[in-house]
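Chain letters run A, B, ... following the sequence lines, proteins first and then strands; every chain starts at 1. Keep in mind it's a predicted model, so treat the numbers as computed, not measured.
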Amino acid sequence: MDNNFYITTPIYYPSAKPHMGHAYSSILADFFARFKRIQGFKVYFLTGTDEHGQKIQRAAEKKGMEPKKFCDEISKTFFDLSKTLNLSNNDFIRTTEERHKKSVEHLWKILEKKNEIYLSKYSGWYSVSDEAFYSEDEIEIKDTKKISKISGSQVEWVEEESFFFKLSKWQEPLLKFYSENPNFILPESRKNEVISFVKGGLKDLSVSRKSFSWGIKVPSNKDHVIYVWLDALTNYISALNYPITDDNLYKSFWPASLHLIGKDILRFHAVYWPAFLLAANITPPKRVYGHGWILSGEEKMSKSKGNILDPLEIIQNYGIDPLRYYLIKEVSFGNDGNISKDKLENCINSDLANNYGNLCQRVISFIEKNLSLEMPKNYKFNNEDTKTLKVYENNFNNLVNSIDIQNINFYVNFIQDQLFSANKYFNDQEPWKKKEDTDRLNTILYVSLELIRKISIMLYPIIPDTSLKVLKIFNIEEKNIDFNSIKVHESLKNIKKLTKISILFKKIEKND
RNA sequence: GGCGGGGUAGCUCAGUUGGUUAGAGCGCGGGACUCAUAAGCCCGAGGUCAGUGGUUCGAUCCCACUUCCCGCUACCA
C-alpha cells in the first residue's frame, strides 16, 4: 500500500497581507499533515506564494517598486505566517523561483508539442483584479467606469493575440475522470457544481497575455506571458522537481493526495488543473477539497465593515493553539464558519482551559501530592477501567477513516467525548476517597494518565505545542508520537517518574 | 430562469435507510462533591424538527406545492 501522503495549501497571492482565510487553509492542511505523520505516513506538505500576474505588477508599480522586490517583501510575510501558525511544511515554494520557472516552461512545451495549445486572438472585457474576461452582459457602467456585475471590479477592453488551451476537447475526458474518481472533488455538493459546470460546455481557455510582462515567458514566443493559473497550479509539481520525473520526490509524492483549497478557487483546481495534466499525460491529483470561508459574525470580513480579525493579532493575544483549535473544531468542515473574539474566548475557556487543561492539572497535581510524581504502580484494571480505555480501540478505525475523507468533525467530536469521559472517570472514581486502598488508587491514577496520553496524542495535529507540553509528562517526544498507540493501554508501565506541568491555558476574564 | 444544498432547542450544529419520551456543546436554573484553573460531575428548563397538503397503521425523516437562505450556472434586455 502507498505509504506516502502529499498535501498542499493553495499558494497565496501576495497582493495584500495575509488574512484569516489564508490562516484557515494552512492550519487545516497542517492538521492533515501532522495526523498522517503520526499515523506513520511519509508526508510531504507544501505551501508557498503565487507571485506573477498583472495584479502584482500593478501593485508593485503603485508603490514604485520592482515586481520582484515587491514580491520578496510580501512573500516574506506569508513565510513568516507559516512559522507563526506553526506549520510543519516541508517546503515553501515561490513561483518566482528558477526551479518553478523551468517546470512551467517544460509543461508548456509539452502542451504545445502535443498540439493542445494554439495561437489565436482574444478580445473582451478584462478585469485585472479578477484575472478574468467578462462578456458584454456581465458588465455594467457605474460612475462612468465599466465594472463587472459579478465582482464589482473595474474592467478594461483588451484585444490581443493569445495562446489558447484546447479545454473544450477535455470536456468528456474530465467527466469520465470525475465518474471514475468519485472522491476527486469533495465535499459532495461542490462536486456537483463542478460537474454541472463541465457538462454545460467548456470553451478553450486563453493561457497567455501580451499586455504585461510580469510572469513566465512563453518559451516559443517571448511577447507572451503564461497565464497566471497555468503558472501557479504547476507549483504542485515543480516543488517535486518536475520535470525530473524519476526524481525521488516526484516519484514518491505525485499524484498529490490532497489539494486543500478554498471554495472560491475550486474551478481552477477541479477543471483546469486536471485538464492541463491529462493533456500533458500526467496523472491528476487524487483529491481536491474545497473548504468554506471564515466569516465574522454573519458577514464576510471586509475592511469597510471593520470586522476583520487579523490572524496575527489574534495569535498575539490568544496564542496559536487556541486559534488552531477554534478553526478546526468550531467550523463545520466544508461549510462556511464564523469567528469572533467572544466565541473564541468561550471556546478557550470551556474546551481548552476547563476540560483539557484542568483535566491534566487535576490528575498531575493529585499525583504530585500523593505519589510525589512517581508513576502509579501495581495497577489492575476492573471492568469500569477497561470499558473506559477500550473506547479508543473500538473507534480506532472510524477515526482513521473519518480523516481519510476529511471528516474532521467526527474526529474532534470524539476527542470532546473522551475529554468528558476522562473527567467523569476521575470524578466517579473519587481517588481522594481511596487513599487507604493504594492498589485501587494507583489504578485510578494510571488509567487517568493513560487517558491523558491518548487524548493528547489525538490533539497533537490540532494543538501541537500544547500536546507536546503534556506528552512531556511521560517523556514522549514529537518524533515518537504514534497515533496507533492510542489502542495500547499499558504503554506507560516502563515510566518511573512523571514530569510536572504548569497551567496549559489561562482562562480569559470576560468583562461583560 | 435552470441545477444543487439547506431551513432541527436562546446560539453553533449532529441525527433519523419512516416507528414508543428528537440529540450534543455553549448559555441558563437547581443539586451533591472537593483532586483541580470557583474547574469537573449529576439533575432540570427549553423544540408544532420552515409552512401547507399527500402517501402510510405511523413522517422531523418519503412525495408535491409554498416560503426563506446559500452556492453554482444561464439568459432576456
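Between K497(A) and E374(A), at least one side-chain nitrogen of the basic residue sits less than 4.0 Å from a carboxylate oxygen of the acidic one, meeting the salt-bridge criterion.
K507(A) comes within 4.0 angstrom of a base, heavy atoms only. If you check every strand for non-hydrogen atoms under 4.0 Å, F426(A) touches a base. Here G357(A) lies in heavy-atom contact (under 4.0 Å) with a base. Within 4.0 Å (heavy atoms only), I364(A) reaches no atom of the nucleic acid at all.
Without hydrogens or angle criteria, N181(A) side chain to F177(A) main chain gives a donor-acceptor distance under 3.5 Å. Remark: side-chain polar atoms of Y12(A) are paired, donor with acceptor, to backbone N or O of H22(A) under 3.5 angstrom.
The base of A36(B) lies close enough to the side chain of N358(A) for a donor and an acceptor atom to sit less than 3.5 Å apart. Judged by distance alone, with hydrogens and angles left aside, N427(A) brings a side-chain donor or acceptor within reach of the base of C35(B), the pair sitting under 3.5 Å.
Rounded to whole Å, the P atom of A32(B) lies 33 Å from the corresponding atom of U21(B). Nucleotides G1(B) and C61(B), compared at atom C1', are 30 Å apart to the nearest Å. A distance of about 13 Å separates the P atoms of G7(B) and U16(B), rounded to the whole Å. Taking atom C1' on both nucleotides, G58(B) is separated from G44(B) by 31 Å, rounded to a whole Å. Separation of the C1' atoms belonging to G47(B) and G10(B) is 11 Å when rounded to the nearest angstrom. Comparing A74(B) with C13(B), their C1' atoms sit 34 Å apart, to the nearest whole Å. Comparing the same atom, P, in G23(B) and in U17(B) gives a spacing of 15 Å after rounding to whole Å. When the C1' atom is used for both G51(B) and C3(B), the distance is 24 Å, rounded to whole Å.
For the pair N354(A) CG and A36(B) P, the interatomic distance rounds to 15 Å; values are reported in whole Å. As a whole-Å value, the separation of N355(A) CG from C41(B) P is 6 Å. A straight line from CH2 of W293(A) to P of C70(B) spans 12 Å, rounded to a whole angstrom. C35(B) atom P lies 7 Å from atom CZ of F366(A), rounded to whole Å. In this structure, the CD atom of E345(A) is 14 Å from the C1' atom of C26(B), given to the nearest Å. The distance between atom NZ of K424(A) and atom P of G40(B), rounded to the nearest whole Å, is 14 Å. Between the OH atom of Y411(A) and the P atom of A14(B) there is a distance of 20 Å, rounded to whole Å. Atom CG in N413(A) sits roughly 12 Å away from atom C1' in G15(B) (whole-Å rounding).
Nearest-nucleotide assignment on RNA chain B puts the 5′-proximal partner with N192(A), out of F505(A) and N192(A). Along RNA chain B, the nucleotide nearest D417(A) and the nucleotide nearest S365(A) are compared for position; the residue whose nucleotide lies closer to the 5' end is D417(A).
Under the Watson-Crick or G-U wobble criterion, with both distances below 3.5 Å, A77(B) is left unpaired in every strand shown. Partner assigned to A64(B) is U52(B), using Watson-Crick or G-U wobble distances below 3.5 angstrom. Remark: G19(B) base-pairs with C57(B). Criterion, Watson-Crick or G-U wobble with two distances under 3.5 Å. The partner of C26(B) is G10(B), judged by Watson-Crick or G-U wobble contacts that both fall below 3.5 Å. Across the strands present, A36(B) finds no partner; the criterion is a Watson-Crick or G-U wobble pair with both atom distances under 3.5 angstrom. The partner of G71(B) is C3(B), by the rule that a Watson-Crick or G-U pair needs both atom distances under 3.5 Å.
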Steps toward side chain to side chain donor-acceptor pair (under 3.5 Å) verdict (Y425(A), E384(A)): CA-CA 9 Å; Y425(A) 175 84; E384(A) 190 64 27; over 6 Å; no
Evaluation steps, side chain to side chain donor-acceptor pair (under 3.5 Å), between H269(A) and Y236(A): CA-CA 11 Å; H269(A) 284 79; Y236(A) 299 129; 2.7 Å; yes
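Side-chain proximity of K343(A) to C41(B), U37(B), U12(B): nearest is U12(B). For S350(A), the side-chain atoms get nearest to C26(B) when compared with the rest of C26(B), U37(B), C41(B). Comparing atom distances between the E193(A) side chain and each of C35(B), C41(B), C72(B) picks out C72(B) as nearest. The side chain of K433(A) sits closest to U34(B) out of G25(B), C41(B), U34(B).
The aromatic ring centres of F35(A) and Y411(A) sit less than 6.0 Å apart.
Note on ring orientation: taking the six-membered ring where Trp is involved, the planes of F268(A) and Y272(A) are perpendicular (angle over 60°, cut-offs 30° and 60°). Between F505(A) and Y356(A), the angle of the ring planes lies from 30° to 60°, which puts this pair in the tilted group.
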